[in-house]
Amino acid sequence: MKRSDMSVILLAVDKVRPVAPAELQHRLKVCGQNAEYLVGVSAGLNSDARRSALLTLLELAEFAGLDTRALTLARTDKGKPYFVADGNGAVPEFSLSHADKFVAAAISPQGRVGVDIELGSGFDEDRLCKMAKRFFSDGELTDFESAADRRREFLKIWTRKEAVSKYFGTGEPYAYDTRNTTLNFISLEAGEGVLSLCFEGYRAVRIAEGSKKFVDLENPI
């Protein structure tokens with residue numbers, strides 16, 4: 001694929017911030033489906049993080065030149081969020097993640113994308129070893145056990161597995177072997193954690209304004 005033919009994935013990372021439902025309503029199309037979606041992200045545990053992730057997505061969509069007042073949100077039966085096509089052309093794919101005090105959003109104008117961010121705070125090495133032996137493939141486990149920084153390697157593998165799950169929308173990250181896939185990854189340090197993107201083919205990634213405070217695309221891990 002020629003470089004000029006690549007579709008660019010946009011990535012935004014931010015800290016969780018207070019977001020009033022009215023701010024989200026102001027940015028989104030007024031329709032029953034969006035109202036139902038907003039009720040869903042505002043209910044239960046981690047509602048602040050979910051609202052903050054949605055606001056980051058809408059800001060990223062505006063950064064990409066999309067009219068968020070024309071967008072309708074929905075979820076698949078397995079919970080994967082997506083923009084609903086309105087018959088006026090293709091809509092971009094996106095993926096969201098939040099972990100403690102960080103949120104991430106990725107938008108792809110062509111083809112699917114998966115993003116995951118994890119901080120792993122409070123995970124001692126004994127717990128990481130037990131989780132790796134339970135959930136990692138043989139190749140992933142070898143990478144983890146031989147790494148100089150096991151915590152960072154664990155988070156890199158873990159976020160890649162989660163990103164693949166979000167790419168396919170299955171909700172089953174442990175079913176995927178990141179060492180045995182045709183998909184590509186970029187993993188970055190994000191604060192004290194790790195963020196991973198998953199996508200197909202050769203894709204350029206662009207960091208949205210302000211996100212360089214949290215991730216450095218020039219130094220993948």
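Below, each value reflects all heavy atoms present in this structure, side chains not excepted, and no hydrogens, waters or symmetry copies. What you are looking at is a predicted structure, and each value in this text was computed from that prediction instead of being measured. Residue indices begin at 1 and follow the sequence shown.
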Do [X] and [Y] belong to the same hydrophobic cluster, where Ile, Leu, Val, Met, Phe, Trp and Tyr are linked whenever their side-chain heavy atoms lie under 4.5 Å apart, directly or via other members?
{"X": "Val16", "Y": "Phe214", "answer": "no"}
{"X": "Phe185", "Y": "Leu195", "answer": "no"}
{"X": "Leu128", "Y": "Phe135", "answer": "yes"}
{"X": "Val13", "Y": "Ile221", "answer": "no"}
{"X": "Val215", "Y": "Ile9", "answer": "yes"}

About how many Å separate [atom2] of [Y] and [atom1] of [X], when rounded to the nearest 0.5 Å?
{"X": "Leu58", "Y": "Arg69", "atom1": "CG", "atom2": "CZ", "value": "11.0 Å"}
{"X": "Asn180", "Y": "Glu140", "atom1": "CG", "atom2": "CD", "value": "9.5 Å"}
{"X": "Phe136", "Y": "Asp177", "atom1": "CZ", "atom2": "CG", "value": "11.0 Å"}
{"X": "Leu119", "Y": "Leu155", "atom1": "CG", "atom2": "CG", "value": "8.0 Å"}
{"X": "Leu96", "Y": "Lys80", "atom1": "CG", "atom2": "NZ", "value": "9.0 Å"}
{"X": "Leu73", "Y": "Asn34", "atom1": "CG", "atom2": "CG", "value": "5.0 Å"}

Atom [atom1] of [X] with >12 non-hydrogen neighbours under 6.0 angstrom:
{"X": "Asp124", "atom1": "CG", "result": "yes"}
{"X": "Glu192", "atom1": "CD", "result": "yes"}
{"X": "Arg206", "atom1": "CZ", "result": "no"}

Looking at every non-hydrogen atom in both residues, tell me the closest pair between Ser211 and Ile207 and how far apart they are. CB-CG2, 3.4 Å
Over all heavy atoms of both residues, which pair between Tyr37 and Pro81 is shortest? Give the atoms and the distance, please. OH-CB, 3.2 Å
For a side-chain contact (heavy atoms from CB on, under 4.5 Å) check, start with the C-alpha distance between Ser52 and His98, then their side-chain angles and the critical distance, and finish with the verdict. CA-CA 9 Å; Ser52 187; His98 60 81; over 6 Å; no
For the backbone of Glu145 and the side chain of Arg150, can you confirm whether one donor and one acceptor N or O come within less than 3.5 Å of each other? yes
State whether the side chain of Ser95 and the backbone N or O of Val115 hold a donor-acceptor pair below 3.5 Å, judged by distance alone. yes
Between [X] and [Y], is there a side-chain N and carboxylate O pair less than 4.0 Å apart?
{"X": "Lys78", "Y": "Glu172", "result": "no"}
{"X": "Arg17", "Y": "Glu59", "result": "yes"}
{"X": "Lys212", "Y": "Asp216", "result": "no"}

Going through the checks in order, is the side-chain contact (heavy atoms from CB on, under 4.5 Å) test met by Lys161 and Ser165? CA-CA 6 Å; Lys161 293 171 86 69; Ser165 174; over 6 Å; no
Yes or no on side-chain hydrogen bond (donor to acceptor under 3.5 Å, both in side chains) for Thr182 and Glu200, after CA distance, side-chain angles and deciding distance? CA-CA 7 Å; Thr182 59; Glu200 186 175 21; 5.1 Å; no
Could you go through residues 18-30 and list every donor-acceptor pair under 3.5 Å that involves a side-chain atom there, pairing it with any protein atom two or more places apart or in another chain?
| from | atom 1 | to | atom 2 | distance (Å) |
| --- | --- | --- | --- | --- |
| Arg27 | NH1 | Glu62 | OE1 | 2.6 |
| Arg27 | NH1 | Glu62 | OE2 | 3.0 |

Beyond-backbone contact of [X] with [Y], side-chain heavy atoms, under 4.5 angstrom:
{"X": "Ser187", "Y": "Pro220", "answer": "no"}
{"X": "Arg75", "Y": "Glu36", "answer": "no"}
{"X": "Asn184", "Y": "Leu197", "answer": "no"}
{"X": "Arg51", "Y": "Leu55", "answer": "no"}
{"X": "Leu188", "Y": "Leu217", "answer": "yes"}
{"X": "Asp143", "Y": "Ile157", "answer": "yes"}
{"X": "Glu93", "Y": "Gln110", "answer": "no"}
{"X": "Ile107", "Y": "Val113", "answer": "no"}

State, without any angle test, whether Arg203 and Ser108 hold a side-chain donor-acceptor pair at a distance under 3.5 Å. yes
Checking side-chain polar atoms at under 3.5 Å, does Arg179 have a donor or acceptor matched by the opposite partner on Ser137? no
Partner of Ser196 under side-chain hydrogen bond (donor to acceptor under 3.5 Å, both in side chains), chosen from Thr159, Thr178, Asp116: Thr159
Go through it in stages, so that I can follow the logic: the residues are Lys156 and Glu153, the test is salt bridge (Lys or Arg N to Asp or Glu O under 4.0 Å), and I'd like the CA-CA distance, side-chain angles, deciding distance and then a yes or no. CA-CA 5 Å; Lys156 183 175 80 171; Glu153 186 67 18; 3.7 Å; yes
Please enumerate all residues that pass ring-ring contact (aromatic ring centres under 6.0 Å, His included) together with Phe168, with sequence neighbours excluded. Tyr176
Begin from the C-alpha positions of Tyr167 and Phe199 and carry the test ring pair (Phe, Tyr, Trp, His ring centres under 6.0 Å) through to its verdict. CA-CA 7 Å; Tyr167 177 95; Phe199 48 90; 8.9 Å; no
Candidates Leu66, Leu60, Leu10 - the one meeting side-chain contact (heavy atoms from CB on, under 4.5 Å) with Pro92: Leu66
Ring-plane angle category for Phe154 and Phe144, please: parallel below 30°, perpendicular beyond 60°, tilted otherwise. perpendicular
Once ring pair (Phe, Tyr, Trp, His ring centres under 6.0 Å) is applied, what residue pairs with a partner in residues 39-86 remain, sequence neighbours excluded? Phe83-Phe94
Determine, stepwise, if the pair Leu38 / Leu54 fulfils side-chain contact (heavy atoms from CB on, under 4.5 Å). CA-CA 9 Å; Leu38 291 178; Leu54 179 55; 3.5 Å; yes
Test Arg160 against Cys198 for side-chain contact (heavy atoms from CB on, under 4.5 Å), laying out the working first. CA-CA 7 Å; Arg160 288 183 173 194; Cys198 166; over 6 Å; no
